Amino acid sequence: MNPPILELQTVAHVYPDGSKGLHDCSLTLQRGRRYALLGANGAGKTTVLQHLNGLLRPTAGQLRIDGQAFDYSRAGLTALRSRVGLVFQNPDRQLFSALVEEDVSFGPLNLGLDADEVRARVAAALDAVGLRGHARRAVHQLSFGQKKRVCIAGVLAMQPDVLLLDEPMAGLDAPMQTELAALLDQLAARGVTVLLSTHDIDFAFRWADDIHVMAGGRCIASGPALALCAQADVLHAAGQRPPAALALHAELVDLGVLPAGPAPRSVDALLDTLRAQKHSGVITA
Amino acid sequence: MNPPILELQTVAHVYPDGSKGLHDCSLTLQRGRRYALLGANGAGKTTVLQHLNGLLRPTAGQLRIDGQAFDYSRAGLTALRSRVGLVFQNPDRQLFSALVEEDVSFGPLNLGLDADEVRARVAAALDAVGLRGHARRAVHQLSFGQKKRVCIAGVLAMQPDVLLLDEPMAGLDAPMQTELAALLDQLAARGVTVLLSTHDIDFAFRWADDIHVMAGGRCIASGPALALCAQADVLHAAGQRPPAALALHAELVDLGVLPAGPAPRSVDALLDTLRAQKHSGVITA
Amino acid sequence: MHIMEGFLPPAHALGWAAVSLPFLAWGLRSIGRDLQSHPERRMLLGVAAAFAFLLSALKLPSVTGSCSHPTGVGLGAALFGPAAMVPVGFVVLMFQALLMAHGGLTTLGANVFSMAIVGPFVSYGVLRAASALGFSRSPAVFLAACLGDLATYITTSIQLALAFPAAVGGFSVSFFKFAGIFALTQVPIAISEGLLTLLVVNAMVRF
Amino acid sequence: MLIESTAYASRWRDVAPSAKALFALAGVVAAWVARSPYALAALTAVLVLTALVGARVPLRAYAATVLPPLGFLLISCAAMLFGPDAQGDWRWSGAMLPVVVHTALRSLAMLAALSGLVLSTPMPGLLALMRRLRMPELLLDMMVLCYRMLFVLRQAWDEGVTAQSARLGYRGWRQAWRSTGLLAGQMAVQVWQRAAALQMAADARVCQGALRFLPVVYPQARRQCMVAALAGALLVALAVGDRL
């Protein structure tokens, strides 16, 4: 097996004001998978993301990239950040330029690419997020969801191997969430490792391949979404209840309404299963 | 029957930039009930709330309070805003003071109350939201959920008859949502009319007595939560799917797993019903 | 107080630009030195300029309809030093000219001199002097902002009088005419400015 | 901000800023060169019409833009024509009249020249032009950030005022002053937090110091500059002719 593309090893972080961000936090990211970083507010999700991108430096423990300990040299940071893109939660705190295409060009230009290459990347990134027609618009004329997509384009234009997103679904309504999830799926299908933080276990269960559970500044459990969400004690320790789809499925299997087998990933999928059941007319009880 | 405490009658609102906020929007609030204002982003929820508090003035139609048309005089606005409190979505945009108790005293001081009365109200409001011990803390040291409660205390200290909340659950994780919903229930039990906006139909269905559904700047339907959520066509027009608990209940009744009857209000309640079913050992199919 | 586009004769417009330029260069160099150790200062001054612009476009409660008072320049001088305020003031004045047609590009040099150089220096000086004399914070801040504003308005009156000396009596008569007629708007603005700065500083120190 | 929204809606929005700036510069030079009131008035008329007809700036927006500077013009001209004399009596002094007329007309012409530019060119275009004209990088960075943050801070300010109004914060003048002070103080503190957040976001995208952006390309820039230079030369020729 390849070494993980990114890894935190027993990382601790103490903020300058003395508050503890992380302690003894370990987690790994494998190439091309979709990860959810699940935890309550204040569990340390944002701090983890900032460590993975080299914005924060561990007080103890280490960050490893491709199996190598990361050295925090200037060149190393540039290389790390060009491979690991981070999208922050609030667009108004990360967009510098008022013009969409200018802002997206910021990252690629910093990588030292020539103008033609940058132009091509900006166009491709705006295409990917569905904002090609808005290249010449002013950021302040866009909706919240569009601004969020400009932020993502700004990171995609750097063509990262790993994309980190801090609470990307916050403030988006259901159709916008579906759209964004589809975009992230596309990226993952192209081999980009995606890690997003969320406090919504139903979303994490529905979307992620693997889940890292954070509580009190530690990653208390990691694993495939299905296996992990079945561990009620772990979820409880993180202040989460089991995903609705999983809990319902378990009850319905117990009652003999549904055959045993892998649980559907969402309540909608469960509803579909029940409807199919009805048409087949078989009640196993 | 008493006249509704607040009412919008065929209200239209056009923003100065020409964009339409509302058109032909009518809805009523009866004393002491819990209302959800349900709709997608951009459906006009925030605009409705700002009309109910007199922050915006209808381009056409009128706002009625206790059955009287509202006159937008200076004195009228003061009276309206002291009776109808509005909590905005983002705590950082509505907390201005360094200390918690100072911020909560902002409204009562503006009402022109004397210092003792203000002190008493601040203490009572902080009690109500469970932050009494935090009165002297700095606002910026609080967690997101605590800030949200300070915002609510700031409005409660004005002792409003009607409490309006814009997307109060946004950004809160599940335990914090449960806590806030309990607080709102307490207020409603004391006779305060509560109206909150949300795009989460599962939450609206679980919590509200009555639901107003917004779509395209209009209130397209109003009614008791259960009756309203059964109208799939109305929900569809508002870009909503039926609440999961309701849909699941209907399927399970159809399959004969559960007896016909009123649907449980939440997936958790449904799970409880299923568990009870299992123990009684009766499968009606 | 802004001198409008084209109001100054060419020689005066260019002359004031030539006077302001060294101050601007000096301000930029002083910031540039700091950037080595504090890279976030670039962002800080950009955001601060936006905030100063926002405050300057504010309609103050007592002076209805009046806007584009140089609010924040005195405050900024106290926080960042008068040198850094020259570029910040330059940016604010440039934006006022381009986004609100207050002031102008041909008169930018003159306006920078009165509002981004004289104003902040006077504010800073008053603040230092007041604290040396043992004033408490509130009167010191009020005086600094208020006198900085008044100094700006007097400088502008001098600039106008130099450009348009009276036919009889020359510079001094002309100066008193400009100073007299603009006092109607500028003195209330200076007092509001002092008051607002005082409120802002009092709110800030509580955080 | 009226100028801002008008510029984005202008028909000449996508004309190269260098061309529009060249024409505006020619207008400024011509206004400085021209001597007779008639020439200045004609120059003003040409420049105003160019903006209204050529760039399709709506008359209402144009009028609203130039109104505040006209107020300054009125007061300043009044100050030169009236005022206390050596004895301290207020009187009309006609001796200044020719100077006042010339100054007022020159101001109007220049105001027209630069209003035409800013009402048809959104700020990013002007900033890109300044970059090409080698304005110091630090100054440009400050302007880019200032321009973006203007909108962010203004929105925050408006939301703050709305939230305060909901709690009766602008009920009377006392409350209004107090609320304004509180809000301004809270937002002043935010200046540092926002700057820190922006710096972090810049670092995440491998910021190397200065902020760099890809300039917008105007494919027709050459031709447009030629046309602007020609039109500008005509304006200057008119002014020089007036002087001779």
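Chain letters run A, B, ... following the sequence lines, proteins first and then strands; every chain starts at 1. These numbers were taken from a predicted model, which means no experiment stands behind them.
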Q | Greatest number of heavy atom pairs closer than 4.5 Å to chain C - which of D/M200, D/M149, D/M80, D/M96 | A | D/M80
(Q) So for C/L24, is it side chain, backbone, both, or neither that comes closer than 4.5 Å to the heavy atoms of chain D? (A) side chain
Q: Determine whether more than 12 heavy atoms belonging to other residues, nucleotides or ligands lie under 6.0 Å from atom CZ of D/R13.
A: yes
Q.
Using modelled atom types and a 3.5 Å cut-off, is there a donor and acceptor pairing between side-chain atoms of D/R154 and backbone atoms of C/L54?
A. no
Q. Highest number of heavy-atom pairs under 4.5 Å with chain D: which of C/L79, C/T107, C/L75, C/T106?
A. C/T106
Q.
Tell me the closest heavy-atom pair linking D/T65 and C/A101, and the distance in Å.
A. O-CB, 3.7 Å
Q | Side chain, backbone, both or neither of C/L35 within contact of chain D (heavy atoms, under 4.5 Å) | A | side chain
Q: Would you mind checking which part of C/A49 comes under 4.5 Å of any heavy atom in chain D, side chain (CB onward), backbone (N, CA, C, O), both or neither?
A: both
(Q) Let's test your reading of the structure: which of D/L73, D/L182, D/L108 forms the most heavy-atom pairs below 4.5 Å with chain C? (A) D/L73
Q: Kindly say whether the aromatic ring centers of C/F182 and D/F72 come within a distance under 6.0 Å.
A: yes
Q | Test item: D/R106 side-chain N/O and C/F7 main-chain N/O as donor-acceptor pair under 3.5 Å | A | yes
**Q.** Top contributor to chain C contacts, counting heavy-atom pairs under 4.5 Å, from D/Q186, D/R178, D/H102
**A.** D/Q186
Q: Could you tell me which portion of C/V92 (side chain, backbone, both or neither) has an atom closer than 4.5 angstrom to a non-hydrogen atom of chain D?
A: neither
Q: Might you point out which heavy atoms bring D/V189 and C/M204 nearest each other, and give the distance in Å?
A: CG2-CG, 4.2 Å
Q. In terms of heavy-atom pairs under 4.5 Å, which option from D/L150, D/V118, D/V66 contacts chain C the most?
A. D/L150
(Q) C/F51 and side chain to side chain contact (heavy atoms under 4.5 Å, CB included): which single residue from D/M187, D/Q190, D/R194 fits? (A) D/M187
Q.
For D/W192 and C/F80: C-alpha separation, side-chain torsions, deciding distance, then whether ring-ring contact (aromatic ring centres under 6.0 Å, His included) applies.
A. CA-CA 12 Å; D/W192 276 264; C/F80 303 113; 5.7 Å; yes
Q) Quick one: what part of D/A196 sits under 4.5 Å from any heavy atom of chain C, side chain, backbone, both or neither? A) neither
Q) Can you tell which of D/L70, D/L198, D/V28 has the highest number of heavy-atom pairs within less than 4.5 Å of chain C? A) D/L198
Q: Would you mind checking which part of C/A13 comes under 4.5 Å of any heavy atom in chain D, side chain (CB onward), backbone (N, CA, C, O), both or neither?
A: side chain
